[in-house]
Trainee: 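A single structure is presented below for examination.
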Amino acid sequence: MISQPHERLRAWKTYVAIGDSTSEGLWDIRPDGSLGGWADRLADKLSSRRVDIGLPPLNYANLAIRGRTMEPIFREQLPRAVSLGADLISITAGGNDMVRPRADINRLARQMEAAVRQLRERDIDVLLVTSSDPEGSPLIELTRPRVTAFNSSLWSIAQRYGCAIADQWGLKPLQTWRGWADDRFHLTPETHEILADAALAGLGFAPDNPDYWRIPDSWQPALHEPSPSHIAWFIHHVVPWMARHARGRSSGTGRVPKRPAPTPVTPLEHRV
């Protein structure tokens, strides 16, 4: 990873995000109905900093598709990102694998390391994203030992290969109900912005909000605020998820990347 922020901005002409629904941007919906997301917001922040020092806007592509597990991400998206001339690639992968009953964390860690090694051998900078802490979330909490082990592997990989880390585990807003969309699997627009700041900090830049990792004061629950209904969540979100997977389908079946080719990011175009 290049050491000085200005040197990074000059070196990173093209940023490509690969991964699953986290990087695709569910559920950060813009006024026109399209999806934004933390990766789009990060591209905006990096592009703004490039423009501020007299450089052209950042080129950005997003190849992430919801529901993707690690193997197709690295088989399909990673080589495409390299072919697009990426100088910086962010990766969110493993989350959909870890909710499966027979997830092999050691195998996932080996796949991640092989992908990162391939990119670093090409002098492409890499931003890894840890999983969030599922403690307190019904059913998903059962994956906490796997998530903990996989996150530890990500930190080790980052250290060995000189990668940056966006640390979702340490984001306090993601340890509250307010930090999650109704499906409890995906971020809200507010927490996509928070994760974008975490990514910016992980890359060595000052975040737009230095307190991004804290729970905002405005989130303090009102007196007697009811807890979300676990039963309603299970019926409306978990049951359809289980039904899709029983049929061998995912939410991303048949979908294509939302931003398949790098195009310049006009600063502030992703903010809502």
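All residue numbers refer to positions in the sequence shown, counting from 1.
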Trainee: Testing the basics here: between I165 and A158, what is the closest heavy-atom pair and its distance to 0.1 Å?
Mentor: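 For I165 and A158, the tightest heavy-atom pair comes out as CG1-CB, 3.7 Å.
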Trainee: Once rounded to the nearest 0.5 Å, what's the spacing between atom CD1 of I89 and atom CG of L78?
Mentor: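 I89 CD1 to L78 CG: 5.5 Å, rounded to 0.5 Å.
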Trainee: Among all residues two or more places apart in sequence or in another chain, which pass the side chain to side chain donor-acceptor pair (under 3.5 Å) test with D211?
Mentor: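 Counting only residues at least two positions away or on another chain, D211 forms a side chain to side chain donor-acceptor pair (under 3.5 Å) with R214.
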Trainee: Verify side-chain contact (heavy atoms from CB on, under 4.5 Å) between R120 and D125, making sure each step is shown before the conclusion.
Mentor: CA-CA 7 Å; R120 297 300 291 133; D125 285 324; 3.3 Å; yes
Trainee: Working note: Y15 + L42, criterion side-chain contact (heavy atoms from CB on, under 4.5 Å); need CA distance, chi angles, decisive distance, verdict.
Mentor: CA-CA 10 Å; Y15 162 42; L42 174 62; 3.8 Å; yes
Trainee: Take K45 and D197 through the salt bridge (Lys or Arg N to Asp or Glu O under 4.0 Å) test and state the conclusion after the steps.
Mentor: CA-CA 9 Å; K45 294 171 187 285; D197 265 339; 3.3 Å; yes
Trainee: Go through it in stages, so that I can follow the logic: the residues are M98 and S131, the test is side-chain contact (heavy atoms from CB on, under 4.5 Å), and I'd like the CA-CA distance, side-chain angles, deciding distance and then a yes or no.
Mentor: CA-CA 10 Å; M98 284 185 283; S131 295; 3.4 Å; yes
Trainee: How many angstroms lie between OG1 in T92 and CD in E24, if you round to the nearest 0.5 Å?
Mentor: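 T92 OG1 to E24 CD: 10.0 Å, rounded to 0.5 Å.
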Trainee: Judged by atom type as modelled, is there a donor-acceptor pair below 3.5 Å linking the side chain of K13 to the main-chain atoms of P56?
Mentor: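 No.
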Trainee: Give me each pair satisfying side-chain hydrogen bond (donor to acceptor under 3.5 Å, both in side chains) with a member in residues 102-115, each pair once, sequence neighbours excluded.
Mentor: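 Counting only pairs at least two positions apart or across chains, the side-chain hydrogen bond (donor to acceptor under 3.5 Å, both in side chains) contacts touching residues 102-115 are R107-Q111, E113-R160, E113-Y161.
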Trainee: Mind checking the CG-OG1 spacing from L171 to T191? Nearest 0.5 Å is all I need.
Mentor: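 Atom-to-atom, L171:CG and T191:OG1 are 9.0 Å apart.
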Trainee: So if you build clusters from Ile, Leu, Val, Met, Phe, Trp, Tyr with side-chain heavy-atom gaps below 4.5 Å, do W213 and L174 land together?
Mentor: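 Same cluster.
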Trainee: Can you see which heavy atom on S132 is nearest to which on V147, and at what distance?
Mentor: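 In terms of heavy atoms, the two residues are closest at O-CG1, 3.6 Å.
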Trainee: Give me the atom names and distance for the closest heavy-atom approach of A149 to I105.
Mentor: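 Minimum heavy-atom separation between A149 and I105: CB-CG2, 4.1 Å.
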Trainee: Heavy-atom distance under 4.5 Å between the side chains of F205 and L46, does that happen here?
Mentor: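 Yes - at least one pair of side-chain heavy atoms lies under 4.5 Å apart.
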Trainee: Which heavy atom in I124 sits nearest to a heavy atom in A86, and how many Å separate them?
Mentor: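 Shortest heavy-atom contact: CG1-O, 3.6 Å.
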Trainee: What is the minimum heavy-atom distance between A39 and N62, and which atoms define it?
Mentor: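 That closest heavy-atom pairing would be CB-ND2, 4.0 Å.
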Trainee: Side chains of D20 and I65: does their closest heavy-atom pair fall under 4.5 Å?
Mentor: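 No, every pair of side-chain atoms sits at 4.5 Å or beyond.
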Trainee: Counting distance only, does the side-chain N/O of S21 pair as donor-acceptor with the main-chain N or O of G67 below 3.5 Å?
Mentor: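 No; judged by distance alone, with no hydrogens or angles, the pair does not exist.
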Trainee: Looking at T188 and A181, what are the two nearest heavy atoms and their distance?
Mentor: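 Nearest pair, atom of T188 first, then A181: CG2-N, 3.6 Å.
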Trainee: Just do the side-chain contact (heavy atoms from CB on, under 4.5 Å) check on D167 and W155 with the steps written out, would you?
Mentor: CA-CA 10 Å; D167 183 22; W155 282 103; 3.9 Å; yes
Trainee: Less than 4.5 Å apart, any side-chain heavy atom of D52 and any of L9?
Mentor: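 Side chain of D52 against side chain of L9, heavy atoms only: no contact under 4.5 Å found.
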Trainee: Hey, what do you get for CG (L108) to CZ (F150), rounding to the nearest 0.5 Å?
Mentor: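 Output value for this atom pair is 6.0 Å.
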Trainee: Are any of the side-chain heavy atoms of T69 and R100 separated by less than 4.5 Å?
Mentor: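 Side-chain contact under 4.5 Å: yes.
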Trainee: If hydrophobic clusters are built by linking Ile, Leu, Val, Met, Phe, Trp and Tyr wherever their side-chain heavy atoms come under 4.5 Å apart, do V51 and L55 end up in the same one?
Mentor: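 Each belongs to a different hydrophobic cluster.
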Trainee: Do I91 and F74 make a side-chain contact, defined as non-hydrogen atoms from C-beta onward lying under 4.5 Å apart?
Mentor: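 Yes, side chains in contact.
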Trainee: Rounded to the nearest 0.5 Å, what's the gap from CG on L58 to OG1 on T14? Could you check?
Mentor: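 So the CG of L58 and the OG1 of T14 are separated by 7.0 Å.
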Trainee: Between CG of L119 and CZ of R117, what distance do you get to the nearest 0.5 Å?
Mentor: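 If I round to the nearest 0.5 Å, the distance is 11.0 Å.
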Trainee: Side-chain contact, heavy-atom cut-off 4.5 Å: P134 with W169?
Mentor: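 Yes; the side chains approach each other to less than 4.5 Å.
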Trainee: One pair to check against side chain to side chain donor-acceptor pair (under 3.5 Å): Y60 and D40. What are the steps and the verdict?
Mentor: CA-CA 8 Å; Y60 168 59; D40 289 33; 2.5 Å; yes
Trainee: Using a strict 4.0 Å threshold on nitrogen-to-oxygen distance, state whether R49 and D208 make a salt bridge.
Mentor: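 Salt bridge: yes.
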Trainee: Is there a side-chain contact between R68 and Q77 (heavy atoms, below 4.5 Å)?
Mentor: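 Side chain of R68 against side chain of Q77, heavy atoms only: contact under 4.5 Å found.
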Trainee: Would you say K172 has more than 12 foreign heavy atoms packed within less than 6.0 Å of its NZ?
Mentor: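 No, the 6.0 Å shell around NZ holds no more than 12 heavy atoms from other groups.
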Trainee: Would you find more than 12 non-hydrogen atoms of other residues, nucleotides or ligands less than 6.0 Å from R75 atom CZ?
Mentor: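 Check passes, neighbour count above 12.
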Trainee: With a 4.5 Å cut-off on side-chain heavy atoms, are L187 and D28 touching?
Mentor: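 No, side chains not in contact.
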